[in-house]
Undergrad: 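Structure provided below as structure tokens; questions to follow.
Just so it is clear, the values below take in all heavy atoms, side chains as well, and ignore hydrogens, waters and symmetry mates. In each ligand, atom 1 is the first atom listed, and ligand 1 is the first ligand listed.
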Amino acid sequence: EKAGYKHFMAKEIAEQPVVLADALRHYVQDQHLNLPVDFTGVDRLTMVACGTASYACHVAKYWFEQLAGLPVEVDIASEFRYREPPLSPTSWALFVSQSGETADTLAALRYAKEKVAKIVSVVNVPTSSIARESDLALPILAGVEVGVASTKAFTCQLTVLALLALKAAVDRGRLDADGLAKHLADLASLPGLMNHALGGGDYPEIAEELAEAQDILFLGRGSMFPIALEGALKLKECSYIHAEGYASGELKHGPIALIDARVPVIVMAPRDALFDKTVSNMQEVMARHGRVLLISDAQGVAEAGSGCWRTLTMPQAPDFLAPILYALPAQLLAYHTAIAKGTDVDQPRNLAKSVTVE
Ligand code: BG6
């Protein structure tokens, strides 16, 4: 069942290039998006989910807003419903769930029913309650995910959400055929980039040292901020080490007080338009003797890697897709740190794969 891997989590991390290519084949045909939605007239998207799926929504917010100019609100399901948020009849609500059975997300969906123009869900289990109760359920085609800590479902959720954001951009007149073709070609390159990323990196050695830490911080800016949150969640779930994700620019507004030589700070920073800002936040950490692990591409590592405790070099990726690619080092760090700690990687204590109570 584990196909020669020691854990389902390792198998599911390794499967990502293949399942992501499957999802792309399903939704992209002959340079066209095969998505039965039309965003014309939709003036707002409310996205709701729990845990890792909620971070997929946070990344998608950057895409919908930047590519399609469509305002997006993201909320965790357990807060959404009880806040009694007003929802407009010209908006859509979008629910993301691997299992499709998460009680909080299902309750949020039921709250949104009749209040919005359309309920869309992005799920891995097409027969699930959330899929059945939606106007439209889009499968992520990740295949069965056994490891409690979500990995391949996350990157497949991101892929389907990226395609939806492109569809919204086309429908709203923000993206012409050439622009779409370019983004689709970039997406098609992603499985290859993922294979490359999965092949490199000294993860076991880095993890040996991370396993000694009491607290670990993850920093990211822009669409890399939700990946920092996901990196921290994954590490917490799997290794039981306290970890927090922060927007890099927010560091100086509080968390910098935590920094000393014992605190590893993992900086997720592709060499994009925000890189210099993130590097200056990173230097604030180094000035306080924080141990920085910089995750960037070759150019970023060459420009800013000196003085870092460690670096991990990712393949160069189109800016738009970097968050999908950088999910991989986040997963691998959590996995290898859990191995170094000797925890139950596939079944972390106190967690369940599908949480059907509110
Ligand atoms: C949690 C799982 O309890 O539920 C997480 O441990 C998951 O990995 C979250 O992200 C949401 O689950 P689902 O099935 O709604 O995506």
Undergrad: Classify the ring geometry of Phe320 against His183: parallel below 30°, tilted from 30° to 60°, perpendicular beyond 60°.
TA: perpendicular
Undergrad: Give the residues near ligand 1 by chain and number, with the criterion being a heavy-atom distance under 4.0 Å.
TA: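 Heavy-atom contacts below 4.0 Å: Cys50, Gly51, Thr52, Ala53, Ser97, Gln98, Ser99, Thr102, Val148, Ser150, Glu237, Ala352, Val355.
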Undergrad: May I ask you to check whether Ser150 and Glu145 show a side-chain donor-acceptor distance below 3.5 Å?
TA: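 Ser150 vs Glu145: donor-acceptor pair found between side chains.
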Undergrad: Please determine whether a side-chain nitrogen of the Lys or Arg among Asp178 and Lys182 lies less than 4.0 Å from a carboxylate oxygen of the Asp or Glu.
TA: no
Undergrad: If we only count heavy atoms from C-beta on, is the Tyr27 to Leu33 side-chain gap below 4.5 Å?
TA: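 A side-chain contact is absent here, since even the closest heavy-atom pair is not under 4.5 Å.
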Undergrad: Have a look at Lys152 and tell me which of Glu12, Gln98, Glu15 forms a side chain to side chain donor-acceptor pair (under 3.5 Å) with it.
TA: Glu15
Undergrad: Who passes ring pair (Phe, Tyr, Trp, His ring centres under 6.0 Å) against Tyr111, sequence neighbours left out?
TA: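 For Tyr111 the ring pair (Phe, Tyr, Trp, His ring centres under 6.0 Å) partners, ignoring immediate neighbours, are Phe80.
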